[in-house]
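One structure is given below, encoded as structure tokens.
Position 1 is the first residue of the sequence; numbering continues from there. Because the structure is a prediction, the values reported are computed rather than measured. One-based numbering, in listed order, for ligands and for the atoms of each.
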Amino acid sequence: MMNHSLLLSLCSVILFLININYVLSYRPVVIIHGVMADSDSMELISERIQQSHPGTEIYNTPRYAGWTSLEPMWRQVEEIGEDVMAIGNAFPEGIHLLGYSQGGLLARAILQRYPQHNVRTFISLSSPQAGQYGTRFLHLFFPDLVCETAYELFYSKLGQHTSVGNYWNDPYHQKLYFEYSKFLPYINNEKISTNTSEFKDGLIKLEQMVLIGGPDDGVITPWQSSQFGYFVNDSVVEMRDRAIYKTDAIGLKTLDKTKKLTTYTVPGIPHKEWHVNITILEKYILPHLN
Ligand SMILES: *[C@@H]1O[C@H](CO)[C@@H](O)[C@H](O)[C@H]1NC(C)=O
Ligand SMILES: *[C@@H]1O[C@H](CO)[C@@H](O)[C@H](O)[C@H]1NC(C)=O
Ligand SMILES: *[C@@H]1O[C@H](CO)[C@@H](O)[C@H](O)[C@H]1NC(C)=O
């Protein structure tokens, strides 16, 4: 018969193992900050994830901070994408990817550009997934820019050297958008390329895509772009009524039909608060990170 102290130490070994197992059960999270910001802006959310899910490895990318966040989208996708792939290789059981604002669009394009990734859950936190047609956040660096004429700047060779130009989607100048934009029409498979099928493969393999946004955002315009809705002339068409969904161009419909697409519409949150509001984190983000 086992003596008492041996039994006790056996119990503590078992508890220790359970604990390790429990800690390791949280997958690493890669975080990508927004435009004109840096990894510091995502520190609060990183810390809170680690507090709630002890043991979670967080990779809060320092790349393309501040002004360099305005560099072309493809360049950022390639560089941050290499990091995401390296992290994924170190954690074969899979990782999660969370991007805020422009970072959520970069994150989505990384999944498409690197379809061999092992990202399980992708969380897009108020990101212009269907494009942007609002200049509020641009006034910091282009004080006189107005929506109506911004296309003259962005739909040019020079304008395409900026991240914002790459996802500027002017509903009244769609012809120029298709002609000049080097990024958004490709990753949305609106424009067919040799990469069209892999762009879809990279998204349909996700276990969960979570799209968070809301009507009081004030920066993402239309706010429905955070959930793949967009303007047709002056009105907004929701994701499920748009061609990108109906033709399953990038797999949104497939994800939706298999319950792998979750959208959250949260009123009362201005753009600058999504990533610092603890309620948003606890209610809409943490439940998807395991
Ligand atoms: C397709 O992807 C390759 C790299 O995988 C890249 O070199 C090429 O430019 C891409 N083409 C388009 C049209 O996106
Ligand atoms: C949008 O406006 C243009 C120009 O007025 C018009 O030709 C087009 O039919 C409109 N599209 C829709 C879907 O209303
Ligand atoms: C965070 O968001 C919730 C809505 O989900 C709101 O009720 C709350 O006031 C916000 N908190 C802060 C500090 O802004």
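- Set against the non-hydrogen atoms of Glu273, the atoms of ligand 3 under 4.0 Å away are 14 (O).
- The distance from atom OH of Tyr186 to atom CG of Asn166, rounded to the nearest 0.5 Å, is 11.5 Å.
- Contacts with ligand 3 closer than 4.0 Å are made by no heavy atom of Ile278, backbone or side chain.
- The protein residues lying under 4.0 angstrom from ligand 2, judged by non-hydrogen atoms, are Val232, Asn233.
- Under the salt bridge (Lys or Arg N to Asp or Glu O under 4.0 Å) criterion, no residue pair touches residues 169-196, with sequence neighbours excluded.
- The structure places CG of Asn118 at 7.0 Å from NZ of Lys205, a figure rounded to the nearest 0.5 Å.
- In Lys283, neither the side chain nor the backbone holds a heavy atom less than 4.0 Å from any atom of ligand 3.
- In this view, Arg242 satisfies the salt bridge (Lys or Arg N to Asp or Glu O under 4.0 Å) rule with no residue, not counting sequence neighbours.
- For ligand 3, the polar-atom distance check finds an N/O of Asn277 within less than 3.5 Å of one of the ligand's N/O atoms.
- The pair Arg27-Glu93 does not count as a salt bridge, with every side-chain nitrogen at least 4.0 angstrom from each carboxylate oxygen.
- Applying the under-4.5 Å side-chain rule to Ile, Leu, Val, Met, Phe, Trp and Tyr, the cluster around Trp274 extends to Val29, Ile31, Met42, Ile45, Ile49, Ile58, Leu98, Tyr100, Ile123, Leu125, Val210, Ile212, Tyr264, Val266, Ile269, Ile280, Leu281, Tyr284, Ile285, Leu286, Leu289.
- The contact set between ligand 3 and Val266, taken as ligand atoms under 4.0 Å from a residue heavy atom, comprises 5 (O).
- Interatomic distance, CE of Met209 versus CG of Asp256, reported as 10.5 Å (0.5 Å rounding).
- For the pair Val30 and Thr61, the minimum side-chain heavy-atom distance is 4.5 Å or more.
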